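Data first, discussion second: the structure below is written as structure tokens.
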Amino acid sequence: MLGLLSAINLRDSKMAERYNIRETEEKWRKVWEDHNVFHVTEDPSKKKYYVLEMFPYPSGRIHMGHVRNYSLGDVVARYRTAQGYNVLHPMGWDAFGLPAENAAIERNAHPKDWTYENITAMRVQLKQMGLSIDWEREVTTCAPDYYKHEQKMFLDFLKEGLAYRKEMMVNWDPFENTVLANEQVVDGKGWRSGAPVERKKLNQWSLKITDYAEELLEAIKTLDRWPEKVRIMQENWIGKSQGCRFTFNIIDKDETLDVFTTRPDTLFGASFAAMAVDHPLAQKLCDGKEGFKDFVQQCQSIGTSEAAIEQAEKIGFNTGHFVDHPFIEGKKLPLFLANFILMDYGTGAIFGCPAHDQRDFDFATKYGLEITQVVAPADGSNIELPFTDDGVMINSEFMNGLSTSESKSVAIKKIEELGLGEGITQYRLRDWGISRQRYWGCPIPIIYCDDCGTVPVPENQLPVELPYDITFDKPGNPLAHHPSWKHVKCPNCGKDATRETDTFDTFFESSWYFARYTDPKNDGISFAKNKAAYWLPVDQYIGGVEHAVLHLLYSRFFTRALSKCGYMDTPEPFAGLYTQGMINHMTYKDKDGKWVYPKDVIKDESGNWVLATGNHEPVTAGRVEKMSKSKRNTIDPQDILDSYGADAARMFILSDSPPDRDLEWTEAGLGGSWRFINRVHSFIMDAKATILAAPQGAPSDAAKQLQKTAHQTIHAVGSAIEAFHMNKAVAKLRELYNAIEEFKPQSGDTALYKEAVEYLIRGLNPMAPHLTEELWSELGHTELLIKTAWPEVNPEYLVADSATIAIQINGKLKATIQLPVDTSKEDAEKAALSETSVANALEGKAIRKVIVVPNRIVNVVAG
RNA sequence: GCGGGCGUGGCGAAAUCGGUAGACGCAACGGACUUAAAAUCCGUAGGGCCGCAAGGCCUGUGGGGGUUCAAGUCCCCCCGCCCGCACCA
């Protein structure tokens, strides 16, 4: 069987006589570039369409995920262009980030040089895909002419009260003296040092995204072209809940404890109160108590990842103190510390009602606490505790008999009357901490002065540029170690002062790049308001679902914050969103159990997987999994582009699976697309004389049918592309090709034949732009296909003149017949019953009923 | 634990409204071409059974039940897989 290598040989032999993919593809890319066909400017006379794929991190080489992402976007961009839209389709580089610093540490490469080299290499690769990108709008986020604008934004946010500084908990690596991202914490240890990670408080800059919690939540409703799943994820992330905050009095202590609950209705079932281990009161009440330190350690050793905590048992520590029940005179509730209470949510403390909450139930069972049922099912049925559904109140004095929702408001009213608290709306969303203790990011334009405090860098001193002469020999932030960079004079008083050495979270750059593309070369301001107004919002945004929450939510927040600061007036950045699936590939292991790259594996004569080199030792094929470097089941797009060409790669990645599902990359499937491209080329070249011949006489019925099929195909392809069903669009075009290939044109048919062939070429253009541009030119067109409008569909040809009617007896198919479209029910029934096979099958049976659905089906009920 | 999604041939998948299940492709098999193989081209194909054949019968969309003239599609229960998450009080 053929693996990749034999397929290349196949190409070489074929190439000599037929379609030279490499040369032809290169030729057309050059023509497009020479004619600058993808460059656009604002044109108020045309409808605009903004297609955007998530911009890549310049890691060095493109991967298959990029190929899928940008192929999808390019289909949309080319289709919309053909439809006459003024299409903006830009590309750029999300160029700040940790990998550049890792490269610096690991192989002594300067982050800037490393990044720019990667950009150069990846630009070549992306261009080789034949994407319809306006490269004049290229944006690189690590360039001072990009990041100086976000320093200005930050200063504006500061003025508007949208940025502030506060203490935040971070993961601290005591050996490296650095803050760790969550993914850098492995089993509670620093990924590089292996030292146990500490939780430490640091002063961090934050953005007030919580100011927009309600607005961000509400506006999700308007995002009707976003996937349902992403909208739900964002809703859950914002996490609005209605509840009640109230204060417990701690008996025998001069302290109170604020708690938050969404179930004030269950207050009569309260049997304990509990707070987070890192609650300020915990230390106060328990310091020195036996077992307290151990308990704290036990809680911290579980780790912060939700997966670990999930497995963990609910454990508590009895403070020995009690709180007063707010409604029941003289009732005391024991006060615990508990590992399942988060300091970050609500007030970091709760009351526990074991009968109506699973966690509280587990906890009470473990510690032998009282369990009082206060909610019963409304239908009086028997239940087992805990019962967490709504119902009617029992054992609840003045609330008895009320429904769950009624008693919630009654309980809140009572709390308010007693002056203990109030009904509140709570959000899960926290402010966005943007400080990072790293070199390769945008410097935060702040200066600290002993006398003047925190001083913004004056705008005329922007940008605060990163120094190039930097070393990574010491642990910690290189900016802080730089001998001179941070030492400046205070802009206010002129005394010695120091710069902020933290840099922005890299989500800062990606939160506004889509706006920068509308005016990428503006030196004075981040983007002109009128240009942003023309192009925004992005009509179609495409990317991985892994950005469903953070990047997309931050961008939505930025759009609002920038509006507040007068930069733009767009309500939402992304009107349409599409999230693509992953690319999977079979995994292989050699006899020693080591992972083997697919390109090193072939099938031998008997169909077994073996190593491509040496003695062809056998290889074990494993599961189909997400492409990853660690499992070595990756395919390098460069190899594919070089050997099969961009069109085949694009076609295959679009044709097999719906784009939102995972795609299994197979060499054989790719070969199928490659063969199709060659077949289309050789067929049209062979038929060229016939296609271009002037018709003699009237066209045959078969030719008219072919013309209809062509129009129907284009119609279906258009709707499929709009619905992101690229696989169906490809299938439809293959059907049209099959019909054309089978068709034997008569002398009067050539005009219609040509029309069908050209519709095929034009329909294929968004997926296979090089091939179709070549064939278009071969058929004598002097105008580029990229400049040619999407084929017109004659609505008359969408209507069939005959319909295939299925005839069923008792719901089972017996025959199919052709009838003119819109044959009356009576005539259809007559025709069905007179069909011989139907008549035979009905012999001796009584016809009870006949159901006729025009143009579709006749079902005879008989028995 | 919570939330979301999915389950159709050997495989990836199609199937507006409930109305001919399996389009299109991959792999497979048969044939043509070839000294031979590959490529290419032509053809076959859900599974099972009967038939020399034409054709016919049964069965089939994870499992069970229901609604309907008719269910991949709607309803109920069950099983399996995948994804997201910050125990959300």
Side-chain angles (χ1 to χ4, degrees), chain A residues 1-2 6-7 9-11 13-14 227-233 235-237 239-241 243 259-263 266 274 304-307 309-312 314 338-342 344-353 356-360 362 426-430 545-546 548-549 581-582 607 624 652 655-658 660-664 666-673 675-676 678-679 682 719 723 725 727-735 737-738 804-816 837 840-841 848-853 855-862:
Chain A
M1 253 333 299
L2 72 149
S6 44
N9 295 336
L10 163 171
R11 170 188 57 86
S13 61
K14 186 76 182 169
E228 181 72 15
K229 115 180 128 173
V230 175
R231 294 191 301 180
I232 289 167
M233 281 161 99
E235 271 174 26
N236 292 341
W237 193 264
K240 180 180 183 175
S241 58
V259 298
F260 173 72
T261 181
T262 54
R263 294 297 302 272
T266 64
T304 49
S305 94
E306 98 290 336
I309 295 171
E310 198 173 304
Q311 306 299 331
K314 318 266 172 285
N339 66 341
F340 61 94
I341 302 187
L342 303 175
D344 293 318
Y345 187 77
T347 61
I350 60 149
F351 76 81
C353 177
H356 305 289
D357 183 287
Q358 183 67 51
R359 289 159 306 167
D360 296 351
D362 295 346
Q426 180 74 38
Y427 297 92
R428 214 172 69 119
L429 184 68
R430 296 178 217 149
V545 73
E546 65 272 19
V549 179
M582 294 181 302
V624 173
F652 172 61
S655 63
D656 245 25
S657 296
D660 56 345
R661 262 191 242 178
D662 287 357
L663 172 114
E664 187 190 346
T666 64
E667 280 69 12
L670 172 68
S673 294
R675 279 197 299 274
F676 178 67
N678 282 287
R679 215 180 316 150
S682 61
S719 337
H725 297 155
N727 54 328
K728 282 193 253 173
V730 173
K732 282 287 170 195
L733 288 160
R734 292 186 93 125
E735 281 183 65
Y737 172 75
N738 292 343
T804 309
I805 312 281
I807 305 168
Q808 298 178 336
I809 295 175
N810 295 333
K812 284 182 182 170
L813 183 72
K814 285 293 161 209
T816 57
S837 60
N840 289 343
R848 296 216 187 117
K849 199 173 170 186
V850 180
I851 290 122
V852 182
V853 181
N855 300 329
R856 282 195 183 274
I857 206 161
V858 176
N859 189 12
V860 184
V861 186

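This is a predicted model, so every value here is computed, not measured. Letters A, B, ... are given to chains in the order of the sequence lines, protein chains preceding strands, and every chain is numbered from 1.
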Rounded to the nearest 0.5 Å, what separation is found between the [atom1] atom of [X] and the [atom2] atom of [Y]?
X	Y	atom1	atom2	answer
A:Asp656	A:Leu670	CG	CG	10.5 Å
A:Arg856	A:Ile851	CZ	CD1	15.5 Å
A:Asn738	A:Glu735	CG	CD	7.5 Å

Tell me the partner of [N], counting only Watson-Crick (N1-N3 plus N6-O4 or O6-N4) or G-U wobble (N1-O2 and O6-N3) with both under 3.5 Å; none if nothing fits.
N	answer
B:A28	B:U44
B:U73	none
B:C85	B:G1
B:G7	B:C79

(request) Determine, step by step, whether A:Val545 and A:Lys229 satisfy the side-chain contact (heavy atoms from CB on, under 4.5 Å) criterion, reporting the C-alpha distance in whole Å, the side-chain angles of both residues, the deciding distance to 0.1 Å, and the verdict. (result) CA-CA 9 Å; A:Val545 73; A:Lys229 115 180 128 173; 3.7 Å; yes
Please work out if [X] contacts a base, only the sugar-phosphate, or nothing of the nucleic acid, heavy-atom cut-off 4.0 Å.
X	result
A:Thr816	base
A:Gly672	sugar-phosphate
A:Asn810	nothing
A:Ile341	base
A:Asn738	sugar-phosphate
A:Lys240	nothing

Please report, rounded to the nearest Å, how far the [atom2] atom of [N] is from the [atom1] atom of [X].
X	N	atom1	atom2	answer
A:Arg428	B:G84	CZ	C1'	11 Å
A:Ile232	B:G3	CD1	P	11 Å
A:Asp662	B:G84	CG	C1'	14 Å

With a 4.0 Å limit, can you tell me whether [X] has a side-chain N or O closer than that to the phosphate oxygens OP1/OP2 of [N]?
X	N	result
A:Asn859	B:G19	no
A:Arg734	B:A13	no
A:Arg679	B:U40	no
A:Lys812	B:U59	yes
A:Ser682	B:U40	no
A:Arg856	B:U16	no
A:Lys229	B:C6	no
A:Arg675	B:C26	yes

Any idea which of [options] is nearest the [X] side chain?
X	options	value
A:Ile851	B:A89, B:C69, B:A27	B:C69
A:Thr804	B:G3, B:C24, B:U20	B:U20
A:Val853	B:C58, B:G19, B:A13	B:G19
A:Ala806	B:C69, B:A14, B:U20	B:U20
A:Ser241	B:A13, B:A21, B:A89	B:A89
A:Pro658	B:C24, B:A14, B:C87	B:A14
A:Ala731	B:A14, B:C24, B:C87	B:C24
A:Ile857	B:C69, B:U20, B:A89	B:U20
A:Gln808	B:C69, B:G84, B:G19	B:G19

When the [atom1] atoms of [N] and [M] are considered, how many whole Å apart are they?
N	M	atom1	value
B:G66	B:C57	C1'	28 Å
B:C6	B:U16	P	15 Å
B:C33	B:C42	P	15 Å
B:C2	B:C78	P	14 Å
B:C77	B:C85	P	29 Å
B:G31	B:A54	C1'	23 Å
B:G30	B:G80	P	41 Å
B:A15	B:C74	P	14 Å

(request) Could you check A:Asn727 against A:Gly671 and say which one's nearest nucleotide on RNA chain B is further toward the 5' end? (result) A:Asn727
(request) Nearest-nucleotide wise, let me know which of A:Ser837 and A:Glu228 is further upstream toward the 5' end of RNA chain B. (result) A:Glu228
(message) Tell me if B:G7 is syn or anti. Syn = glycosidic torsion within 90° of 0, anti otherwise.
(response) anti
(message) Going by the glycosidic torsion and a 90 degree boundary from 0, is the base of B:C17 oriented syn or anti?
(response) syn
(message) Measuring only between side-chain heavy atoms, which start at C-beta, is A:Gln808 closer than 4.5 Å to A:Asn810?
(response) no
(message) Determine whether A:Phe351 and A:Thr266 satisfy the following criterion, side-chain contact (heavy atoms from CB on, under 4.5 Å), listing intermediate values before the conclusion.
(response) CA-CA 10 Å; A:Phe351 76 81; A:Thr266 64; 3.7 Å; yes
(message) Does the structure place the NZ or CZ of A:Arg679 under 6.0 Å from the centre of the six-membered ring of A:Tyr737, at an angle of no more than 45° from the ring's axis?
(response) no
